[in-house]
Amino acid sequence: MLDNNQTSKTNILNSVVGYSDAVLKKEDLEKNGTNFSEAKGFVKETIGKLHPKRIQLRVESIRIDTASTKTLVMVPVHGKNLPPFQAGQYINLFVSIGGVLTARPYSISSSPKILKSYELTIKRKEDGFVSPYLLDEIKVGQQLESSGPMGSFHHNPLFHGYDLVFFAGGSGIAPAISMLKSFLSSPEPFRFHIIYSNSYEHDVIFIDELRKLASDHDNFTLTEFLTREVSPTYKGYRGRLDKSILQTLLQNPLAKMYYVCGPTPFNLHCANLLLSLGVKFSRVLIESNGPPPNPELMDGWPDSLHPTKEVNVKLGDHFSFQTKVGEPLLNSLERNGIFKENACRSGECSLCRVKLKTGKVFSPEEAKIRKSDRKFGWIHSCVAFPITDVEIQL
């Protein structure tokens, strides 16, 4: 019969990193005993390093990508490596603008192999509140606060496989290029196809880099679409992606995994095209870029209700304010000095939940409200549009 030492030497598990040390630690505990006081706080400290609630960042450099887009290269203030992330995840960037504390989620566009910095690629949003500030006011050396990396929009090798297609609309290319960099540096047999749609030829983010990578790597395919003005030399597709074109682009579509990121109408269009080809919904992962910009155009919006109509929002007995029905509830709360913890601002993470006591709100399909929340009246304020006077509880 083998003793512990002999077992440790012959056990196949000895090839597992850390196994031998664990056996020796177990023997020491059996011999001497412990109340584990020496390990107090270790788990909390480790979790804090890997998944911090807040990160202090500094703008190391700013790169101009297109006339409407810049990339902020963010480094840790304290000089250590940043927390690890999965390609496709985002951080929530906190800013104070005109006395209003708010935040916006931005996908990390750099490779997860590089943790000395995060790159955030930011496109100007027409009539936006935060993107103009980040593009026009932020300077090199400025410090900002963010959440840790988060989000479920990333490759899962157990369920997604290695034959992957990414539909990117505009700035939705940010998580796609992070995935691409990760896949191209991996020994795994990835096949990655980016179908990239934009409005104008002069405003396509990362296009030169993407074309070069597609030329250099047999396992990466790039398909370009432009929906508006194009030059005579443009070689991609013109107009919107449709079913017939998609059928020519995809071989054996039911066996692939699909990622979709862009404006809400783009996301819905791509998802419907895939479903029309027989792709199971479980094979389509969608990342929303914030609340829908035109909720009045979505199914379920009340007839004849104009988005500029004003309603009253009441909190308790002593505070209320007016807001437009076309503005997300979270935005109006922030404008009135009320900060509610948030992250995704697209209905997924549920950090911004509030309880709806009276009144009605419009919640689009992307608001992933749990059955229990519906039962007890909880809503996701980031994608909840008050369509009547409401009373809420934070």
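What you see is a predicted model, and the numbers here were worked out from it, not measured in a lab. Values below: every heavy atom of this structure, side chains too, minus hydrogens, waters and symmetry copies. The first residue in the sequence is number 1, and the count goes up from there.
- For Asp216, the CG atom sits in a packed shell: over 12 heavy atoms of surrounding residues, nucleotides or ligands are nearer than 6.0 Å.
- Considering CZ of Arg58 and CG of Leu144, their distance stands at 11.5 Å, rounded to 0.5 Å.
- Of the possible polar contacts, one joining the Asn272 side chain to the Leu268 backbone as a donor-acceptor pair under 3.5 Å is found.
- Taking every heavy atom of both residues into account, Phe362 and Pro364 meet most closely at O-CD, 3.9 Å.
- The nearest pair of heavy atoms linking Ala384 to Ile379 is CB-CD1, 4.0 Å.
- At a threshold of 4.5 Å between non-hydrogen side-chain atoms, the residues Arg335 and Thr323 count as touching.
- A side-chain donor-acceptor contact under 3.5 Å links Asn92 and Asn342.
- Between Met298 and Thr264, the closest side-chain pair of non-hydrogen atoms falls below 4.5 Å.
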Could you check Asp208 against Lys212 for side chain to side chain contact (heavy atoms under 4.5 Å, CB included), going step by step and ending with a plain yes or no? CA-CA 6 Å; Asp208 292 335; Lys212 186 176 188 311; over 6 Å; no
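- Within the model, atoms SG of Cys352 and CZ of Phe339 stand 10.5 Å from one another, a figure rounded to the nearest 0.5 Å.
- For the residue pair Thr71/Thr121, the side-chain donor-acceptor check at 3.5 Å is satisfied.
- In this structure, Asp136 places its CG atom where more than 12 heavy-atom neighbours from other residues, nucleotides or ligands lie under 6.0 Å away.
- Linking Ile, Leu, Val, Met, Phe, Trp and Tyr whenever their side-chain heavy atoms come within less than 4.5 Å leaves Ile97 and Phe94 in two separate clusters.
- Distance alone, capped at 3.5 Å, places no donor-acceptor pair between the Ser109 side chain and the Ser178 backbone.
- Counted within 6.0 Å of CD on Glu126, heavy atoms from surrounding residues, nucleotides or ligands total 12 or fewer; the atom is thus considered open.
- For Arg63 and Ser61, the side-chain atoms include no donor-acceptor pair closer than 3.5 Å.
- Of all non-hydrogen atoms in Tyr90 and Cys349, the two that sit nearest each other are OH-CB, 4.5 Å.
- Ser107 and Glu287 are not linked by any side-chain donor-acceptor pair at a separation below 3.5 angstrom, with hydrogens and angles left out of the test.
- The only member of His217, His155, His160 that meets ring-ring contact (aromatic ring centres under 6.0 Å, His included) when paired with Phe190 is His155.
- Looking at Val100 and Phe129, their side chains come closer than 4.5 Å, going by heavy atoms from C-beta outward.
- Salt bridge Arg240/Asp242: absent, no basic N to carboxylate O contact under 4.0 Å.
- At least one side-chain heavy atom of Ile195 sits less than 4.5 Å from a side-chain heavy atom of Leu246.
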Which is it for Glu348 and Ser152 under the side chain to side chain donor-acceptor pair (under 3.5 Å) test, yes or no, and what are the steps along the way? CA-CA 9 Å; Glu348 181 179 9; Ser152 58; 2.5 Å; yes
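- Rounded to the nearest 0.5 angstrom, Leu329 CG and Leu333 CG are separated by 4.5 Å.
- In this structure, Leu213 and Phe192 have side chains that are not in contact, with every pair of non-hydrogen atoms separated by 4.5 Å or more.
- Contact record, Phe153 with Met179: O-CE, 3.9 Å, taken as the closest heavy-atom pair.
- Judged by distance alone, the side chain of Arg345 and the main-chain N or O of Ala103 form a donor-acceptor pair under 3.5 Å.
- A donor-acceptor distance shorter than 3.5 angstrom exists from the side chain of His306 to the backbone of Thr308, with no hydrogens or angles considered.
- For the atom pair CG of Leu315 and CD of Glu391, the computed distance is 8.0 Å after rounding to the nearest 0.5 Å.
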What do the steps show when you test Val354 against Gln393 for side chain to side chain contact (heavy atoms under 4.5 Å, CB included), and what is the final call? CA-CA 6 Å; Val354 299; Gln393 175 185 320; over 6 Å; no
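- Environment of CG in Asp127: sparse, with no more than 12 heavy atoms of neighbouring residues, nucleotides or ligands closer than 6.0 Å.
- The closest side-chain heavy-atom distance from Cys261 to Phe166 is below 4.5 Å.
- Rounded to the nearest 0.5 Å, atoms CG (Leu180) and CD1 (Ile194) are 5.0 Å apart.
- In plain terms, the two heavy atoms of Ile122 and Ser131 that are nearest each other are CG2-CB, 4.2 Å.
- Summarising the local packing, CD of Glu310 is surrounded by more than 12 heavy atoms from other residues, nucleotides or ligands at distances under 6.0 Å.
- Using a 4.5 Å cut-off on side-chain heavy atoms (C-beta onward), Leu305 and Glu296 make no contact.
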Are Leu134 and Leu93 close enough, and set up right, to give a side chain to side chain contact (heavy atoms under 4.5 Å, CB included), and what steps lead you there? CA-CA 10 Å; Leu134 293 175; Leu93 199 63; 4.1 Å; yes
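- Look at Glu201 and Lys235 and you find no salt bridge, because none of the NZ, NE, NH1 or NH2 atoms lies under 4.0 Å from a carboxylate O.
- Here the side chain of Asn156 pairs a donor or acceptor atom with the backbone of Leu158 at under 3.5 angstrom.
- Both Phe206 and Phe183 belong to a single network of hydrophobic side chains, linked directly or stepwise wherever heavy atoms of I, L, V, M, F, W or Y lie under 4.5 Å apart.
- Between the side chain of Asp389 and the main chain of Asn312, a donor-acceptor pair closer than 3.5 Å is present.
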Would you please test Lys123 and Asp65 for salt bridge (Lys or Arg N to Asp or Glu O under 4.0 Å) and show each step? CA-CA 9 Å; Lys123 185 178 178 70; Asp65 298 306; over 6 Å; no
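- Annotation for Lys324: atom NZ does not count as buried by contact number, only 12 or fewer foreign heavy atoms lying within 6.0 Å.
- Side-chain heavy atoms closer than 4.5 Å link hydrophobic residues (I, L, V, M, F, W, Y) into clusters, and following such links, even through other members, never connects Ile177 to Ile114.
- Using a 3.5 Å distance cut-off with no hydrogens or angles, the side chains of His380 and Ser363 do not pair a donor with an acceptor.
- Listed for the Tyr258 side chain is a donor-acceptor partner under 3.5 Å among the backbone atoms of Pro253.
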Given Leu277 and Lys243, is the side chain to side chain contact (heavy atoms under 4.5 Å, CB included) satisfied, shown in steps? CA-CA 8 Å; Leu277 294 181; Lys243 184 176 179 180; 3.7 Å; yes
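- A chain of hydrophobic side-chain contacts below 4.5 Å, direct or via other Ile, Leu, Val, Met, Phe, Trp or Tyr residues, connects Leu115 to Leu120.
- Asn198 places no side-chain N or O within donor-acceptor distance of the main-chain N or O of Leu226, the cut-off being under 3.5 Å.
- The shortest distance between side-chain heavy atoms of Tyr118 and Ser146 does not fall below 4.5 Å.
- Looking at Lys70, its side chain does come within 3.5 Å of a backbone N or O of Leu135 through a donor-acceptor pair.
- Between Phe225 and Gly239, the closest heavy-atom pair is CD2-O, 3.5 Å.
- The hydrophobic clustering, which links ILVMFWY residues whose side-chain heavy atoms are closer than 4.5 Å, places Val311 and Ile392 apart.
- Separation of atoms NE2 (His154) and CD (Gln89) is listed at 5.0 Å; rounding is to 0.5 Å.
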